[in-house]
Amino acid sequence: QVQLVESGGKLVQPGGSLRLSCAAPNPARSGLILLYDTIGWFREAPGKQREGLACISVRDGRSTYTASAQGRFTTSRDNVNNTVYLQIDRLQPEDTAVYYCVTDCELFDEALVGSWGQGTQVTVSS
């Protein structure tokens, strides 16, 4: 199973921005593009079901977003450094959640996700 390591979660005031990182360590040094088709993001808010947010093609950088992520979320990838990012702008208290990095995200179906990171906590509060 692929190891994914998220970072960047923290306490942020409403209206602020945050960039989460997902590192995919690759001892073989073969690069993201040779290992994964897609990498993306889910989140789980307190008392709510886990939901998909964004998914990026490692090969061509094309991104797709769910309705929950349209407008304020942007995902990108750095194939040289084996890292995928999730930029969140105009944070709102309802964005408070644990954010997970995943592989095989193209259908935003938890049952089809290949690997999950351990999650990083984002808290939006004044």
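The figures that follow rest on heavy atoms only: side chains count, while hydrogens, waters and symmetry mates do not.
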Which heavy-atom pair separates [X] from [Y] by the least distance, and what is that distance?
{"X": "Ala111", "Y": "Asp109", "answer": "N-OD1, 2.9 Å"}
{"X": "Gly9", "Y": "Leu20", "answer": "N-CD2, 3.6 Å"}
{"X": "Gly119", "Y": "Val98", "answer": "CA-CG1, 3.8 Å"}
{"X": "Pro46", "Y": "Thr96", "answer": "CD-O, 3.6 Å"}
{"X": "Ser17", "Y": "Asp89", "answer": "OG-OD1, 3.1 Å"}
{"X": "Phe108", "Y": "Gly52", "answer": "CD2-CA, 3.9 Å"}

Separation between [atom1] of [X] and [atom2] of [Y], rounded to the nearest 0.5 Å:
{"X": "Leu18", "Y": "Phe73", "atom1": "CG", "atom2": "CZ", "result": "10.0 Å"}
{"X": "Ser125", "Y": "Asp95", "atom1": "OG", "atom2": "CG", "result": "12.5 Å"}
{"X": "Ile56", "Y": "Ile39", "atom1": "CD1", "atom2": "CD1", "result": "9.0 Å"}
{"X": "Thr120", "Y": "Arg43", "atom1": "OG1", "atom2": "CZ", "result": "14.0 Å"}
{"X": "Thr38", "Y": "Glu106", "atom1": "OG1", "atom2": "CD", "result": "3.5 Å"}
{"X": "Asp104", "Y": "Leu112", "atom1": "CG", "atom2": "CG", "result": "8.0 Å"}

Check whether any side-chain N or O of [X] sits under 3.5 Å from a backbone N or O of [Y] as a donor-acceptor pair, and report yes or no.
{"X": "Arg62", "Y": "Ser57", "result": "no"}
{"X": "Ser21", "Y": "Tyr85", "result": "no"}
{"X": "Ser115", "Y": "Thr103", "result": "no"}
{"X": "Gln118", "Y": "Val5", "result": "no"}
{"X": "Tyr65", "Y": "Thr75", "result": "yes"}
{"X": "Arg19", "Y": "Gln87", "result": "no"}
{"X": "Gln13", "Y": "Ser126", "result": "no"}

>> Within the supplied structure, the quantity of interest is the number of heavy atoms (other residues, nucleotides, ligands) at a distance under 6.0 Å from Gln70 CD; does it exceed 12?
In response: yes

> Tell me, do Ile88 and Tyr99 make a side-chain contact under 4.5 Å, heavy atoms counted?
Replying inline: yes

> Do Val113 and Phe42 pass the side chain to side chain contact (heavy atoms under 4.5 Å, CB included) test, and can you show the C-alpha distance, the side-chain angles, and the key distance before you say yes or no?
Replying inline: CA-CA 10 Å; Val113 164; Phe42 278 64; 4.0 Å; yes

>> Go through it in stages, so that I can follow the logic: the residues are Tyr100 and Glu110, the test is side chain to side chain contact (heavy atoms under 4.5 Å, CB included), and I'd like the CA-CA distance, side-chain angles, deciding distance and then a yes or no.
In response: CA-CA 11 Å; Tyr100 296 93; Glu110 286 189 49; over 6 Å; no

